[in-house]
Amino acid sequence: MNRETSRDLYDRALSVMPGGVNSSVRAVQPYPTFVRRGDGAHVIDVDGNRYIDYVMGYGPLLLGHDLPQPVEAAIQRAASEGPMYGAPTEVEVDLAEFVVRHVPSVEMIRFVNSGTEATVSAVRLARGYTGRDKIVVMRGGYHGAQESTLVEGDAEHPTPSTSGVPAAFARETIPVPFNDEEAAREVFERHGEEIAAVLVEPILGNTGITMPVDGYHGTLRDLCDEYGSLLIFDEVITGFRVGGLECAQGTFGVTPDLTTFGKIVGGGFPVGAIGGRAEIVEHFSPAGDVFQSGTFSGHPVTMAAGLETLKYAAAHDVYDHVNALGERLREGLVDVVADHAPEYTVVGTDSLFKVVFTRASTPAQDQACTAGCAQDPDCARYEQCPKTGGDVRRAETERWERLFRPFMAERGIMLTANQFECQFVSYAHTEEDVEETLEAYEAYFE
Ligand SMILES: *Cc1c(COP(=O)(O)O)cnc(C)c1O
């Protein structure tokens with residue numbers, strides 16, 4: 001595969017952009033593939049190579065790269081009428097009403113410009129509303145590039161996970177292991193009165209697609225209720241994908257106080273949002289005393305793209321299609337690894353999938369979890385399946401990144417950059433794409 005133009009572009013990029021990219025995860029070794037354009041479920045790179053794309057913009061592209069006519073028309077119209085105004089537009093109200101109608105926990109919503117901005121604002125809102133400072137987060141959870149959550153260590157010794165974050169900020173964050181009810185109980189017993197909120201992804205979507213064990217979110221809900229803390233679901237990646245229009249909170253039957261959105265809700269344009277109970281969300285300025293503002297917030301082009309995407313999904317078989325292909329992929333992958341690498345774990349749900357190169361020698365995935373690890377206690381390998389971010393981190397990340405991913409790219413399958421980020425099936429993918437993909441996996445493992 002000739003990738004000379006990508007290499008030359010990266011050479012230029014390295015001189016003018018730190019690491020040659022505008023988002024860290026794109027700096028794939030030895031150099032990224034520069035994309036020229038999308039085509040349905042495929043991308044074509046600057047050297048003319050074609051790939052089946054499972055990156056899908058890291059999540060926003062539910063419909064794939066070719067937008068259906070009504071979606072494309074609405075975007076073109078909004079852009080041609082003048083990009084933005086600094087005054088409200090009707091489409092913001094339309095999209096807010098759509099989300100409020102479909103996500104039961106959301107009575108009011110504020111749109112912002114990225115998932116990061118959504119989680120930053122949600123944390124500020126929770127602190128302002130409760131008058132408390134501490135935030136509980138999951139180790140291996142991801143909430144964007146923000147000060148309050150770029151924290152590692154344990155509950156008693158939190159430290160910044162990046163330089164540039166004051167240690168004093170990290171001290172207000174309490175990291176706990178995902179799926180560990182006992183650890184959550186302990187931090188509430190010690191710090192409950194100081195905890196403004198628990199901020200949690202319903203499914204760890206940026207650390208190998210780790211599903212919650214049965215009852216985990218219910219326990220977080222109970223602890224928050226008992227101590228007067230808020231439960232914030234970060235649905236930036238799961239929102240309008242897992243559980244369809246009700247989002248992952250519908251699937252798990254747990255009602256958060258606040259939800260952060262991003263990715264799909266902007267239909268491929270920069271977006272974030274904070275939704276929840278009106279009584280809480282109304283603490284945002286100008287209704288309330290928690291300052292929040294943005295020049296581009298509720299951008300008409302983004303709002304049109306998000307609204308038309310979601311309306312299209314509501315009116316067509318989008319979720320049935322992507323979920324059925326996701327299931328077929330995961331089932332096929334379970335068969336592939338059962339034969340060649342039974343210790344590896346096929347993870348994912350709905351239209352998310354990944355093979356995590358777990359190390360422990362374990363039985364192959366069982367009947368119960370045949371379409372991706374579902375944390376089923378009756379599965380033969382329940383004890384060994386990844387339950388925390390740490391479990392995924394201990395898997396064979398080097399083999400995944402240096403051998404497996406380049407092999408797949410060479411076969412025309414574009415996967416996310418590393419073992420941690422999830423992969424997405426879109427409405428544009430077909431059964432033939434899935435079969436071709438499974439053949440490529442088979443070729444790597446055999
Ligand atoms: C992508 C993501 C974010 C950050 O969103 P950006 O738009 O990249 O700032 C936050 N939380 C989760 C769960 C995400 O997947």
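Counting convention: from 1, in listed order, for ligands and their atoms alike. Owing to the predicted nature of the structure, the values given are computational and were not obtained by experimental measurement. In this chain, residues are counted from 1 in sequence order.
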Practice task
Taking the six-membered ring for Trp and the single ring otherwise, decide whether the centroids of Phe420 and Tyr142 are under 6.0 Å apart.
Solution key: no
Problem - Tyr54/Phe353 aromatic ring centres below 6.0 Å - result: yes
Handout entry: For atom 9 (O) of ligand 1, the option (of Ile203, Thr116, Val112, Val271) bearing the nearest heavy atom
Key = Thr116
Problem - Close approach of Glu235 to ligand 1, heavy atoms, under 4.0 angstrom - result: no
Exercise for the section: Ignoring angles and geometry beyond distance, decide whether Glu117 reaches within less than 3.5 Å of ligand 1 through its nitrogen or oxygen atoms. Expected result: no
Per-atom contacts, ligand 1 versus [X] - under 4.0 Å to a heavy atom:
X	result
Glu201	13 (C)
Ser114	7 (O), 9 (O)
His143	10 (C), 11 (N)
Asp234	10 (C), 11 (N), 12 (C), 13 (C)

Exercise for the section: Please name the pair of heavy atoms, one in Val21 and one in Pro32, separated by the smallest distance, quoted to 0.1 Å. Expected result: CG1-CG, 4.3 Å
Practice task
Could you see which bit of Thr260 sits under 4.0 Å from ligand 1, with heavy atoms only: side chain, backbone, both or neither?
Solution key: neither
Handout entry: Cation-aromatic face contact Lys387/Tyr216, 6.0 Å, 45 degrees
Key = no
Whether [X] and [Y] hold their rings parallel, tilted or perpendicular, with breakpoints at 30° and 60°:
X	Y	answer
Tyr227	Phe188	tilted
Phe178	His217	tilted
Tyr312	His316	parallel

At what distance is the nearest protein heavy atom to [atom], and which residue and atom is it?
atom	result
atom 2 (C) of ligand 1	Lys263 NZ, 2.7 Å
atom 3 (C) of ligand 1	Val236 CG1, 3.7 Å
atom 7 (O) of ligand 1	Gly115 N, 2.8 Å

Exercise for the section: Answer yes or no: are there more than 12 heavy-atom neighbours, outside Tyr31 itself, under 6.0 Å from its atom OH? Expected result: yes
